[in-house]
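I have placed the structure first, in the form of structure tokens, so that the comments after it can refer back to it.
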Amino acid sequence: MITAQQLNKQFGIGNQLVFREDASGLIVADFDNGYAEAKLCLQGAHLMMWRPKSQSVPVVWLSRDAKLAIGKSIRGGAPVCWPWFGAHATEPGFPGHGFARTVPWQVIESGTEPGGETRITLRLLGSEKTRPQWPHDSRLDLTVIVGEKLRMELITENTGNSDFVIGEALHTYFQVGDIGAVRISGLDNCDFWDKVGNTTLRKQSGAITFSGETDRVYVNTDAECVIEDDKLKRRIHVAKSGSRSTVVWTPWTEKANKMGDMGQPDGWREMVCVESGNAIENVVKVATGTRHALIVEFRAEQV
Ligand code: TA6
């Protein structure tokens, strides 16, 4: 396995992009440029934290109980859900949200954008470990551009000779002052699958506010969402392309306590998930020899 030292030699960028080995044995990339700081774990190509320097509080949230462990997902950040979202359609024993977030990815490129932002691209190829769950020839790349904005491009390429279908999401945890003082706008009048209790199809009316467990897959929407945070007095803009589903989730007290890694006693109150993806009726057929891009761009503004 490649070492942090080898990665720094090949892909490091001064003190703007530095690779280090975490106590868990996983490798983490630390970003620190004039615009922002960020952290990304190479396992899962998992962006763990992003804080624009204009913000005293990170915009992408990491649980204070997040644990880095080989083969385990990390609580917070922007997990890559791929090549399915949620439970596998037919195999209950397959991992929820796919395997991409818990396997090693390779760094294939890094650089500095013309505006000074820091860029990295990681790649996931099929392996004998994943083939039983994904018997297709494919290439998955994630490019992350760290600046005053955060841009992530998840590119699926079908390198085989038959079409395949993917579900996917960048399952981003955003940091908020308190979930009870948050509104999410942009999804008014959208249909959504409400997954709390029996899954039912409903329609959104107005902005989304929170007073209990909320787990909704909004479908057939390419809308930009805005997280309006009255406590931190900021708005987070979540723009996307190549995504027809937006998932909004907070576990609330009972589910958070069962999960055990949301940051005791009530770390869950400081996050809300707004996930950009393609799920349920929005899964994507990637024809042989073609590519599909899911792109998100986040920015925060003080109000
Ligand atoms: O995106 C919402 C959701 O599907 C919830 O149902 C909950 O399971 C959440 O993802 C977290 O899933 P994880 O597998 O990361 O614990």
Side-chain angles (χ1 to χ4, degrees), residues 45 47 50 59-60 77-86 89 97-98 100-101 138 140-145 147-158 163-174 176 182-195 199-210 214-229 234-250 271-287 290-301:
L47 180 95
W50 169 60
V59 175
V60 172
V80 175
C81 302
W82 190 93
W84 59 84
F85 181 85
H97 292 325
R101 62 178 174 167
S138 60
L140 183 64
D141 285 356
L142 179 71
T143 294
V144 179
I145 299 174
E148 184 62 21
K149 296 180 184 177
L150 182 75
R151 183 178 174 90
M152 291 191 280
E153 304 173 358
L154 186 66
I155 313 284
T156 298
E157 182 160 6
N158 185 338
D163 301 348
F164 56 63
V165 172
I166 58 166
E168 60 182 345
L170 289 167
H171 188 300
T172 311
Y173 292 69
F174 291 96
V176 296
V182 163
R183 283 178 310 289
I184 295 178
S185 58
L187 294 168
D188 184 22
N189 222 21
C190 286
D191 292 333
F192 66 91
W193 292 99
D194 185 342
K195 291 168 59 181
T199 299
T200 50
L201 187 60
R202 296 173 55 198
K203 188 178 280 291
Q204 181 61 37
S205 174
I208 305 165
T209 54
F210 303 93
T214 306
D215 193 349
R216 302 176 177 179
V217 182
Y218 290 82
V219 289
N220 308 319
T221 172
D222 49 19
E224 174 172 330
C225 291
V226 181
I227 303 169
E228 298 171 44
D229 184 336
R234 73 180 179 188
R235 286 197 196 103
I236 301 171
H237 295 259
V238 182
K240 64 175 190 173
S241 67
S243 159
R244 297 286 289 148
S245 311
T246 294
V247 183
V248 175
W249 176 61
T250 173
M271 55 66 63
V272 64
C273 277
V274 178
E275 310 156 30
S276 306
N278 291 292
I280 310 179
E281 58 255 57
N282 295 142
V283 292
V284 176
K285 184 177 88 169
V286 185
T290 69
R291 295 155 61 106
H292 159 74
L294 161 56
I295 298 172
V296 297
E297 200 160 80
F298 309 145
R299 68 181 174 88
E301 60 175 347

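Every side chain to side chain donor-acceptor pair (under 3.5 Å) that R235 has, sequence neighbours left out, goes to E301. N158 pairs by the side chain to side chain donor-acceptor pair (under 3.5 Å) definition with nothing, not counting sequence neighbours. Under the salt bridge (Lys or Arg N to Asp or Glu O under 4.0 Å) criterion, E224 pairs with no residue, sequence neighbours left out. Residues satisfying the salt bridge (Lys or Arg N to Asp or Glu O under 4.0 Å) test with E297, not counting sequence neighbours, are K149, R151. Under the side chain to side chain donor-acceptor pair (under 3.5 Å) criterion, N278 pairs with E168, not counting sequence neighbours. Partners of Q204 according to the side chain to side chain donor-acceptor pair (under 3.5 Å) rule, which considers only residues two or more places apart in sequence or in another chain, are R216, Y218. Listed by chain and residue number, K285, A287, T288 satisfy the side-chain contact (heavy atoms from CB on, under 4.5 Å) test with D163 (two or more places apart in sequence, or in another chain). Applying the side-chain contact (heavy atoms from CB on, under 4.5 Å) criterion to I280, with sequence neighbours excluded, gives W193, V217. Contacts of P83 classified as side-chain contact (heavy atoms from CB on, under 4.5 Å), with partners at least two apart in sequence or in another chain: F99, W134, I166. Remark: T200 pairs with D194, R202 by the side-chain contact (heavy atoms from CB on, under 4.5 Å) rule, at least two apart or across chains. Partners of E148 according to the salt bridge (Lys or Arg N to Asp or Glu O under 4.0 Å) rule, which considers only residues two or more places apart in sequence or in another chain, do not exist here. Checked against salt bridge (Lys or Arg N to Asp or Glu O under 4.0 Å), D222 has the following partners two or more places apart in sequence or in another chain: R244.
The closest side-chain donor-acceptor pair between S185 and E228 falls under 3.5 angstrom.
Under the 30°/60° scheme for interplanar angles, the aromatic rings of F298 and F174 are found to stand perpendicular. Classification of the F85-H97 ring pair by plane angle, with boundaries at 30° and 60°, yields tilted.
Remark: side-chain polar atoms of K240 are not paired, donor with acceptor, to backbone N or O of E275 under 3.5 angstrom. Panel note: side chain S245, backbone A279; a donor-acceptor pair is recorded below 3.5 Å.
Note that the CG atom of L142 and the CD1 atom of I155 stand 9.0 Å from one another [nearest 0.5 Å]. To the nearest 0.5 Å, the span separating CD1 on I184 from CZ on F210 amounts to 3.5 Å.
The two residues W84 and G98 have their closest heavy-atom pair at NE1-N, 3.0 Å. Between L294 and L170, the closest heavy-atom pair is CD2-N, 4.3 Å.
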